[in-house]
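Right, I'll just put the structure down here and ask away after.
Computed from a predicted structure; not experimentally measured. Chain naming here is simple, since letters A, B, ... match the order of the sequence lines and numbering starts at 1 in each.
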Number of protein chains: 2
Amino acid sequence: MSVRRLCLAMLSEGDATGYEIRKEATSGCFSYFEDASYGSIYPALAKLEKEGLVTMREEKQPGKPARKVYSITQTGRDALLDMLREDLPPDIYRSPFLLVAMSAEQVGGKAIRRAIDLQIEQTRHKLQQLSELKSRITDKPLNRGILWGINYGIDCMIQKIGYLEANRAELEAIADGDGNGSQPQAAAPVQTPQAAE
Amino acid sequence: MSVRRLCLAMLSEGDATGYEIRKEATSGCFSYFEDASYGSIYPALAKLEKEGLVTMREEKQPGKPARKVYSITQTGRDALLDMLREDLPPDIYRSPFLLVAMSAEQVGGKAIRRAIDLQIEQTRHKLQQLSELKSRITDKPLNRGILWGINYGIDCMIQKIGYLEANRAELEAIADGDGNGSQPQAAAPVQTPQAAE
DNA sequence: CTGACCATGTAACCCGTTACATGATTCT
DNA sequence: AGAATCATGTAACGGGTTACATGGTCAG
């Protein structure tokens, strides 16, 4: 049900081909919290068309396979709204990195350093993607909800990077097997103003 | 491969039954970034035993089905280390909530408010779980890597709640369809010191 | 007595990924 | 020349969830 939802949501912002939807999902506005491969998108679009939630027109281009441009229908819009208003499965976060971090003592300093480096690098990469996207759409007459979402993602990633940089030393010490007990117990958060609750 | 890894990681902290592993995955230390159901755990444990990565002993209890307590073997420990050191698929975040948020204009204020409330509530709930867990293990001779991971999760959730509370008004305004152009463009982050990069 | 918790397991199903199949065009 | 981008699609496979099957204990 998730790829369906994603396709409808994207088409509600404008017509697109399966190829374009995949690109958006992988590196566009939605890439922070969604992803999908061709193998799921193409069948989903075909089914949505069969059900009348989207329509398709073929744009022939010499040499290349014809582009199949999909448009959402009113029925599709209604169905999307229903999905968005009714069922909201909770967010999901899966982190192999944290599993490694929690096993720091066993894994050792070298692997931990590599894992942290990778983690920061990946986060930086996504952050940059989103930042570019943002600068490209800011002040255009584009959907302001999307801008809000992008800002949310950017904030999360900045915070994440900051936390990792501020606290990596402690984790590395654990991984290196320092016998001491002088850990900065609360793991001194990057910043701690009032922050909720 | 993920449930295998999870089972081994948990067993490396101490013996456990399938039931206990599931509980930990759902509401324990690992629950912030992992999850698994019986339907995947029991078969995984059986297979791990067949492969010699864990051993099992049955503890009979009158009336109840015998507890099957699993222990990790040295081979299992080695295999776990290999997994943790070598392959590290990137973290995954999936957020139906953000899809709704990005569709704010279509979805409308009422639904947005509900979605935000739910999101905050769920995050608060998880935060409380982790906080309790933390206070229960702090200063015990327990794995300090795990404590680090818990602190990481706690920080992320506090920050998330703070961001949602600070910026919900803006999203609600978008959803309510205010025609104005006086948005707090940068969506005033809860705090913005230097923060990385 | 009802619901939550303990405790195990299987089978059907779902949703998605990976790999394959095909092929032109444009950038380096 | 080789890689990347455009462009569609299918089939095999995988990993997990949900629902089912079973049943005792304990607290409210």
Item to complete: State which of dT10(C), dG9(C), dG16(D) makes the closest approach to the side chain of Val3(B).
Response: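 Nearest to the side-chain atoms of Val3(B), counting from C-beta on, is dG16(D).
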Worksheet entry | Nucleotide dT8(D), atom C1' - distance to CG of Leu45(A) in whole Å | 11 Å
Discussion item. Without decimals, in angstroms, what is the distance between Arg22(A) CZ and dG9(D) C1'?
Written reply: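 Taking atom C1' of dG9(D) as the reference, CZ of Arg22(A) is at 14 Å.
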Practice prompt. For the pair Lys60(B) and Glu58(B), evaluate salt bridge (charged side-chain N to carboxylate O under 4.0 Å, His left out) and give the outcome as yes or no after the intermediate values.
Written response: CA-CA 6 Å; Lys60(B) 276 165 202 150; Glu58(B) 264 184 53; 5.3 Å; no
Discussion item. Under a 3.5 Å threshold, yes or no: a donor from one side chain and an acceptor from the other, between Asp91(B) and Gln122(A)?
Written reply: no
Fill in: Interatomic distance where CG belongs to Leu48(B) and P belongs to dG9(C) [whole Å]
13 Å
Item to complete: Just call it for Ala36(A): base, sugar-phosphate, or nothing, with non-hydrogen atoms closer than 4.0 Å on any strand.
Response: sugar-phosphate
Discussion item. Nearest to the Arg67(A) side chain among dT10(D), dA7(D), dC6(D), which nucleotide is it?
Written reply: dA7(D)
Worksheet item: Any idea which of dT10(D), dG16(C), dT18(C) is nearest the Tyr42(A) side chain?
Response: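 Between dT10(D), dG16(C), dT18(C), the one nearest the side chain of Tyr42(A) would be dT10(D).
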Worksheet item: If you measure from the Lys or Arg side-chain nitrogens to the Asp or Glu carboxylate oxygens, is any gap between Lys68(A) and Glu49(A) under 4.0 Å?
Response: no
Discussion item. I need the CD-P distance between Glu24(B) and dC6(C), as an integer number of Å.
Written reply: 13 Å
Worksheet item: Of the candidate nucleotides dT17(D), dG9(C), dC6(D), which contains the atom at the shortest distance from the side chain of Tyr19(A)?
Response: dC6(D)
Item to complete: Could you work out which one of dC6(D), dT8(C), dC6(C) sits closest to the side chain of Lys68(B)?
Response: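 Comparing dC6(D), dT8(C), dC6(C) against the side chain of Lys68(B), the answer is dT8(C).
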Worksheet item: Which one, dG9(D), dA7(C), dG16(D), comes nearest to the side chain of Ser2(B)?
Response: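 Closest of the options to the side chain of Ser2(B): dG16(D).
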